[in-house]
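The structure appears below as structure tokens.
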Number of protein chains: 2
Amino acid sequence: MINKDSIQHTSIINNLTKYVDFSEEELDKFFELGETSFYKKNQTLVHKGKESSPFILIKKGCLMTSYIDEVDFRHVIQFGIDNWWTGDLNSFMNNVPSIYSIKAMTDVEVLTWNKVNFDLLCASSPNFEKYFRILFQNSLISHQKRIIRNISFSAEQKYLTFLKNYPRLELIVPQKYIASYLGITPVFLSNLRKKLSGK
Amino acid sequence: MINKDSIQHTSIINNLTKYVDFSEEELDKFFELGETSFYKKNQTLVHKGKESSPFILIKKGCLMTSYIDEVDFRHVIQFGIDNWWTGDLNSFMNNVPSIYSIKAMTDVEVLTWNKVNFDLLCASSPNFEKYFRILFQNSLISHQKRIIRNISFSAEQKYLTFLKNYPRLELIVPQKYIASYLGITPVFLSNLRKKLSGK
DNA sequence: ATGAAATATTAATCTAGATTAATAAAAACC
DNA sequence: GGTTTTTATTAATCTAGATTAATATTTCAT
């Protein structure tokens, strides 16, 4: 049975089958257990300290995940775009309130799984365990690289790397959030940009 | 069949069965495919840019993973102790030379898997996929927390958090490596320690 | 135990990036 | 389309942490 949405789902399927050889039925199960929803730009999907986070696959658009500290200061920890997974993993897996806030930077369409459906999915075939193992593994590798950058790069190097890694995002996301992601102040990022543009 | 080493392996088994319900046979397979080796303090297990990294489970002792940059400057990215997994995941999974150097901080005993044996292990039972999925997932959660600390904590906060997270390590590991792990200079860490001791 | 090498401390100076505050430019709203 | 709100720029000042260099301490090899 071919899924009704299969045309829109092509790029997701390409992504899934990149590492694991899923059958038609498995793919159907995947979409069947996921729930599609839409959010408007600037809407908050997950509120810090309130509901637990679902596991989110972004179909279209851009989401921003941030940590809000004790003095209500926002620290951006991730941007996600088309085909990226996001969500507060800890909140999701252990059903505790999210420590992050997740907000739409553009209108977005997402597929989400709650813990129950995620467990059903994993239980339905070991291929999903494998897929998520590899997904987390790759994510871990890039998190390690980011830590190296944090420790050893200057603000300028971090910014240039960001531009390389997320070429589109500068046009979509307010600069102050990019500064926060890089761990620098918006004022300093503005100075940096001026300096770089004069080169 | 009870494994000969089973007494020494108790704490590893406790760790494995914490998240996944492994059978006796599965545990046997685990130890059968892993290779035990011993290293002396200060020995380098994995050389940056040379061999690919195995996947390493530390049975006893302390390993340090560091990234050596273009100008041969060392950036410590992880300490591992008893029961921790370590290794250059990317190098291991894709069979490319390690970008990290892994060095023994104490005499160590490790169990290692090469890619072939890791794949055999994962293929032998979906329980291993599940175990590694959860392992990577948890590791991801703590990497995210570390990124938040990197972005938002002062050197002092980072150091205090380090002491809480790794209470024993300060006595084992030269201070300059701890400074590197925190992303500060050894000189500044020394100043910090003096300031803190006077409180 | 003794000397050589590695590590840690201390003090002086310097700088990348923070902070504050005022102005300019963009977005958002009715 | 004008007004309010949010975001970005610019400039002046400040500080956490870096750098350099000299001294003290610890570790290691013989």
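To find a chain, count down the sequence lines: A is the first, B the second, and so on, and within it residues start at 1. On a predicted model such as this, the values are computed, not experimentally measured, just so you know.
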So side-chain hydrogen bond (donor to acceptor under 3.5 Å, both in side chains) across residues 182-192 of chain A, not counting sequence neighbours, yields none
Give every pair of a protein N or O atom and an N or O atom of nucleotides 21-29 of chain C that lie under 3.5 Å apart, one pair per line with the distance.
none

Has A:Asn90 got a side-chain atom pairing as donor or acceptor with B:Ile141's backbone, closer than 3.5 angstrom? no
Transitive ILVMFWY cluster of A:Tyr67, excluding itself - 4.5 Å side-chain cut-off: A:Ile77, A:Ile99, A:Tyr100, B:Ile148
Measure across A:Lys130 and A:Val20 and return the closest heavy-atom pair with its distance rounded to 0.1 Å. CG-CG2, 3.9 Å
So how far off straight is the helix from C:dA1-D:dT30 to C:dC30-D:dG1, going by the axes through five pairs at either end, to 10°? 70°
Tell me every residue that passes side-chain hydrogen bond (donor to acceptor under 3.5 Å, both in side chains) with B:Ser91, counting only those two or more places apart in sequence or in another chain. none
For A:Tyr159 and D:dA8, give me the distance from atom OH to atom C1', rounded to whole Å. 12 Å
May I ask you to list the residues of residues 146-155 of chain B, by number, that have any heavy atom positioned under 4.0 Å from an atom of DNA chain D? B:Ser154, B:Ala155
Considering only heavy side-chain atoms of A:Lys194, the closest of D:dA18, C:dT10, D:dA11 is D:dA11
Will you find, in the side chains of B:Gln137 and A:Arg133, an N or O donor that is under 3.5 Å from an N or O acceptor? no
Under a single-linkage rule joining Ile, Leu, Val, Met, Phe, Trp and Tyr whose side-chain heavy atoms are separated by less than 4.5 Å, which residues share a cluster with A:Val96? none
Quickly work out the B:Arg193 CZ to D:dT25 C1' distance and round it to whole Å. 13 Å
Check for me whether A:Arg146 meets the cation-pi criterion with A:Tyr181, that is, NZ or CZ under 6.0 Å from the six-membered ring centre and within 45 degrees of the ring axis. yes
Side-chain heavy atoms under 4.5 Å apart, restricted to Ile/Leu/Val/Met/Phe/Trp/Tyr: what other residues fall into the cluster of A:Val187, or is it alone? none
For residues 136-157 of chain A, the ring-ring contact (aromatic ring centres under 6.0 Å, His included) pairs (sequence neighbours left out) are none
Expressed as a whole number of angstroms, how long is the span from A:Leu189:CG to C:dG17:P? 12 Å
What residues form a ring pair (Phe, Tyr, Trp, His ring centres under 6.0 Å) with A:Phe92, not counting sequence neighbours? A:Phe55, A:Phe118
Which ILVMFWY residues are connected to A:Ile147, directly or by a chain of links, through side-chain heavy atoms under 4.5 Å apart? A:Ile151, B:Ile147, B:Ile151
What residues from residues 163-185 of chain B pass a heavy-atom cutoff of under 4.0 Å to DNA chain C? B:Pro174, B:Gln175, B:Lys176
Within the 3.5 Å criterion, strictly below it, is a donor on B:Tyr159 or B:Glu170 matched to an acceptor on the partner's side chain? yes
